[in-house]
Amino acid sequence: MGAISDTTISDTMRAVVAEGAGGPDVLKIVERPVPRPGEGEILVRVAAAGVNRPDVAQRQGSYPPPPGAPDILGLEIAGVIVAAGPHATRYPLGARVMALVPGGGYADYAIAHETNALPVPANLSMEEASAVPETYFTVWTNVFQRGGLQPGETLLIHGGSSGIGTTAIQLAKAFGARVIVTAGTAEKCDACRALGADFAINYRETDFVAAVKEATGSRGANVILDMVGGDYIPRNYEAAARDGRIVQIAFLKSSRAEVDFRLLMVKRLIHTGSTLRPRSVAEKAEIARALEENVLPLLAQGGVRPVMDSTFPLEEVAQAHARMDAGDHIGKIVLTL
Ligand SMILES: NC(=O)c1ccc[n+]([C@@H]2O[C@H](COP(=O)([O-])OP(=O)(O)OC[C@H]3O[C@@H](n4cnc5c(N)ncnc54)[C@H](OP(=O)(O)O)[C@@H]3O)[C@@H](O)[C@H]2O)c1
């Protein structure tokens with residue numbers, strides 16, 4: 001291992017794993033050895049860890065960790081660097097970082113690759129910082145890199161009040177786009193409007209295709225960020241503008257659909273998608289550098305900020321997951337260590 005100046009690192013730590021697959025009660029706090037950073041890696045004493053829907057899927061047994069990733073839950077952390085592996089020189093020991101991790105976030109200590117970490121702006125608490133990486137990496141790479149959202153274009157975000165949605169609204173507005181969201185309650189729609197969404201559609205009451213056409217003078221949305229799938233897929237084709245880009249980041253309803261592909265051709269649509277977790281350290285590092293250049297200054301100035309739903313101590317990890325399962329949250333749920 002490289003230099004470890006912090007002699008207060010213990011040998012063991014608390015960590016959350018799923019013992020079996022199922023509801024929040026399968027989550028158990030166990031004792032594990034503190035991991036050791038390898039080449040280019042940092043050891044972070046975790047102050048807070050974000051809870052994400054993929055963690056729920058992992059708990060339910062439908063989203064196993066990729067090869068090499070720890071079985072400990074948690075995809076994003078904020079904390080202080082207490083040790084560095086060989087050639088990890090980007091940050092000094094003691095630096096406050098927020099990092100995307102391939103797993104292992106719900107623990108007192110976690111390993112991150114230094115290139116997948118970002119410095120925590122002074123105006124963000126550790127709780128807020130831990131709510132940044134997963135949604136900011138996801139939104140940047142899907143909305144801006146794959147979707148190619150341009151100033152003046154219209155972005156339709158399904159699940160506008162989600163962790164992902166609340167980030168997408170703010171970033172799209174900050175970069176000069178118009179934003180339309182769908183959400184499942186009036187309260188969620190209000191929250192999206194308060195964040196800057198130009199139109200919020202309660203999809204339980206209003207057909208989103210008709211509402212998007214009305215809001216865009218029949219032109220449709222230039223980019224659609226979809227986590228729902230199922231019958232949203234043909235409806236997205238209808239709601240999209242000519243040369244529109246539809247970016248699939250999940251299939252909360254279904255990954256299967258009956259689709260008439262004529263609109264894909266007639267409107268010259270691009271239907272794409274991506275997953276973040278299995279991507280290589282180098283690919284995540286590229287996204288991190290783009291965020292550092294384009295988004296970190298906005299975070300530091302308070303122009304965008306993670307929307308915090310609730311914070312739970314690690315001991316209450318089951319309650320944190322139960323809150324996400326219930327689906328009433330707006331923005332991010334975070335664990336504190
Ligand atoms: N591809 C990637 O790289 C990537 C990375 C991170 C996350 N994700 C995915 O992005 C999605 C959002 O993640 P998150 O952490 O932001 O989750 P979240 O906060 O729990 O948000 C899920 C949202 O989806 C809406 N929704 C619509 N239809 C739904 C359905 N049938 N079941 C459940 N929710 C439904 C919910 O609100 P209402 O229905 O009430 O409006 C809620 O706002 C997840 O599916 C996650 O797996 C993908």
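Atoms within each ligand, like the ligands themselves, are counted from 1 in listed order.
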Who's closest to atom 28 (N) of ligand 1 heavy-atom-wise, of Val228, Val247, Asp325? Val228

Which of the ligand 1 atoms, numbered from 1, are nearer than 4.0 Å to a heavy atom of [X]:
{"X": "Thr275", "result": "1 (N), 2 (C), 3 (O)"}
{"X": "Lys188", "result": "37 (O), 38 (P), 40 (O)"}
{"X": "Ser161", "result": "43 (O)"}
{"X": "Ser274", "result": "1 (N), 2 (C), 3 (O)"}
{"X": "Ala250", "result": "9 (C), 45 (O)"}

Classify the ring geometry between Tyr232 and Phe208 as parallel (under 30°), tilted (30 to 60°) or perpendicular (over 60°). tilted

Near Arg268 CZ, under 6.0 Å, is it more than 12 heavy atoms from other residues, nucleotides or ligands? yes

Is Tyr63 in contact with ligand 1, taking contact as a heavy-atom separation below 4.0 Å? no

Looking at ligand 1, is there an atom of it that comes within less than 4.0 Å of some heavy atom belonging to His158? no

Polar contact flag for Met227 and ligand 1 (N/O pairs, less than 3.5 Å): no

Applying salt bridge (charged side-chain N to carboxylate O under 4.0 Å, His left out), run through Lys188 and Asp328 and close with a yes or a no. CA-CA 9 Å; Lys188 288 181 173 183; Asp328 296 329; 5.7 Å; no

